[in-house]
Amino acid sequence: MSQFQRINPRVDFAFKIIFEQHTDLLMGLINAMVSEKDQVQQIEVRNPYNASQRMGDKVSILDIKAQSVTGVWYTIEMQVNNDFEYQKRSLYYWAKVYTDQIKAGISYDALEKVISIHLLNYTLEPNSTEYHNIYRIRNDKTNQPFTDLLE
């Protein structure tokens, strides 16, 4: 048995090493999760630190942050333990990647889609039997999406 067979890929450092060093596996994971239009052919792993802009801002560290050649951002999180604030945390992570795309003087047109993939070792919605869920912002009355930049 090799030493790698004993490493649990759900452990943060192992998860990061696997997908940062093997972008073909990362692209396979992303492509298994996203729609046909968001499939990736080439991807670049980016710095996973969402730095604070001002003193006192919260710093967040993603498991994987990557950008496709088409500009779409992907954040991938492996969560083993049930964090009761996970919905808030996942939105915070998404928002940091989305807002960090532009600085003062840059047009909002430069903002690209951010798709967050969260692999949970528990059920987020206890009454659901679904293992793959997609969340978006929608109009309650018309069910029309507000934007396709969040998934």
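Every heavy atom of this structure was used, including side-chain atoms; hydrogens, water molecules and symmetry mates were not.
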query = How far does CH2 of Trp73 sit from CH2 of Trp94, to the nearest 0.5 angstrom?
reply =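 Output value for this atom pair is 14.0 Å.
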inquiry  = Taking the side chain as everything from C-beta on, heavy atoms only, tell me whether Phe146 gets closer than 4.5 Å to Arg138.
reply    =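 The answer is no; the side chains never approach within 4.5 Å.
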query = Should Ile64 and Phe15 count as side-chain neighbours, where that means a heavy-atom distance under 4.5 Å?
reply = yes
message = Could you tell me if Arg89 and Gln79 have a donor-acceptor pair between their side chains, going purely by distance under 3.5 Å?
response = yes
query = Taking only residues two or more places apart in sequence or in another chain, which ones pass side-chain contact (heavy atoms from CB on, under 4.5 Å) with Lys141?
reply =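 With neighbours one apart ignored, the set is Asn139.
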request  = Would you mind checking if Lys37 and Asp148 are paired as a salt bridge, meaning a charged N to carboxylate O distance below 4.0 Å?
outcome  =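 Answer for the salt bridge query: yes.
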Quick one: does any side-chain atom of [X] pair with a main-chain N or O of [Y] as donor and acceptor, under 3.5 Å?
{"X": "His132", "Y": "Met33", "result": "yes"}
{"X": "Gln67", "Y": "Val72", "result": "no"}
{"X": "Asn121", "Y": "Asn81", "result": "no"}

message = Restricting to side chain to side chain donor-acceptor pair (under 3.5 Å), what partner residues turn up for Glu125, sequence neighbours left out?
response =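 Applying side chain to side chain donor-acceptor pair (under 3.5 Å) to Glu125 gives Tyr135.
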ask   = Between Thr123 and Ser128, what is the shortest heavy-atom contact and its length?
value =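 Closest approach of Thr123 to Ser128, heavy atoms only: CG2-O, 4.1 Å.
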message = With a 4.5 Å cut-off on side-chain heavy-atom distances among I, L, V, M, F, W and Y, is there a chain of contacts connecting Leu124 to Ile76?
response =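 Leu124 and Ile76: separate clusters.
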task = Evaluate the criterion salt bridge (charged side-chain N to carboxylate O under 4.0 Å, His left out) for residue pair Asp38 and Lys113; output intermediate values, then yes/no.
result = CA-CA 10 Å; Asp38 291 317; Lys113 184 175 190 173; 2.8 Å; yes
